[in-house]
Amino acid sequence: MYSIAIDGPAGAGKSTIARAIAKKLGYVYVDTGAMYRAIALYIMRKGIDGNDVESIAAECPDIHITLSYDQEGVQQIYLNSENVTGEIRKEEVGKMASVTSAIPEVREALLELQRDLAETSNVLMDGRDIGTHVLPDASLKIYLTASPDVRAKRRFDELNEKGIPCDFDRIKEDIIERDQQDMNRKISPLRQAEDAIPVDTSDMTIPEVIDVIVDAFHKKTAREELL
Ligand code: DC
């Protein structure tokens, strides 16, 4: 099986890029952030504080996350059999996921599911710790970044397009706070794997980023097939 790991901070464009590349290569796209968001949603619905590590750890055995793919190949995520694909996209769920994903039991609960997926299909998996921890032997590892200003601007434009009122400085602050949390937690923090290719998308268009990664993938797999 081949696997591609794409890691990077919030708003770097991982899901847009990953979805497009997976489609191009005929790979299964696995959005691991959605799994952390589904657990965060469960915790929010229970009214548990995100910092209440003991209570969250105690809930983990009762949380069952599964995935399926619809006719267009779009990942659907289920929380104890309920499809929560739409609900987990809310801003507050993302923020909560950044907090609860620092808890070891939460990460443990998802690791096996993530590795099983990569064992049964060619996958393109995106997240924070895919290249460093989940799939250390991935065929290709990419670290996708962009400056906080660019990431905030993209998010600002996206919300504006949807007619959702928002404030640029607030969005930027949230992005910086999320970076801090994801990069500084004790287990599996966000960092570039030693063998990952860094791609800074600040001044690149989406098709340019896709081309760079697909090209790197073909080069890497051609080299391996020669060995
Ligand atoms: O990519 P995202 O915004 O959907 O992810 C939400 C949060 O989940 C992110 O802030 C940190 C956490 N996460 C993680 O810890 N490890 C992953 N592999 C993916 C996401």
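In listed order, ligands and their atoms are each counted from 1.
- Between Ser15 and Tyr29 the shortest side-chain heavy-atom distance falls below 4.5 Å.
- Interface of Asp129 with ligand 1, defined as ligand atoms under 4.0 Å from a residue heavy atom, comprises 16 (N), 17 (C), 18 (N).
- Using a non-hydrogen distance threshold of 4.0 Å, Arg185 registers as a contact of ligand 1.
- Using a 4.0 Å cut-off to heavy atoms of Ser101, the atoms of ligand 1 that qualify are 11 (C), 12 (C), 15 (O).
- Less than 4.0 angstrom separates some heavy atom of Arg89 from each of these atoms of ligand 1: 4 (O).
- The protein heavy-atom contact nearest to atom 7 (C) of ligand 1 is Ala97 CB, 3.7 Å.
- Below 3.5 Å of separation, one finds no N or O of Tyr36 facing any N or O of ligand 1.
- Per-residue contacts place Arg107 under 4.0 angstrom from the following atoms of ligand 1 (heavy atoms of the residue considered): 14 (C), 15 (O), 16 (N).
- The atoms of ligand 1 that sit less than 4.0 Å from any heavy atom of Gly127 are 17 (C), 18 (N), 19 (C).
- Inclusion of Arg178 in the set of residues having an N or O under 3.5 Å from an N or O of ligand 1 is warranted.
- Asp182 contributes no side-chain N or O that, together with a main-chain N or O of Leu190, makes up a donor-acceptor pair within less than 3.5 Å.
- Atom 2 (P) of ligand 1 has its nearest heavy-atom neighbour, among Gln181, Arg128, Lys14, Glu91, in Arg128.
- Nearest protein neighbour of atom 4 (O) of ligand 1, counting heavy atoms only, is Arg37 NE, 2.6 Å.
- Counting protein heavy atoms only, atom 19 (C) of ligand 1 is closest to Thr32 OG1, 3.4 Å.
- Looking only at distances, a side-chain donor or acceptor of Asn80 sits under 3.5 Å from a matching main-chain atom of His64.
- Here the side chains of Ile176 and Lys172 are in contact, with some heavy-atom distance below 4.5 Å.
- The shortest distance between side-chain heavy atoms of Leu67 and Met35 falls below 4.5 Å.
- At least one side-chain heavy atom of Leu144 sits less than 4.5 Å from a side-chain heavy atom of Ile213.
- Here the side chains of Leu79 and Ile65 are in contact, with some heavy-atom distance below 4.5 Å.
- A side-chain donor-acceptor contact under 3.5 Å links Asp200 and Ser202.
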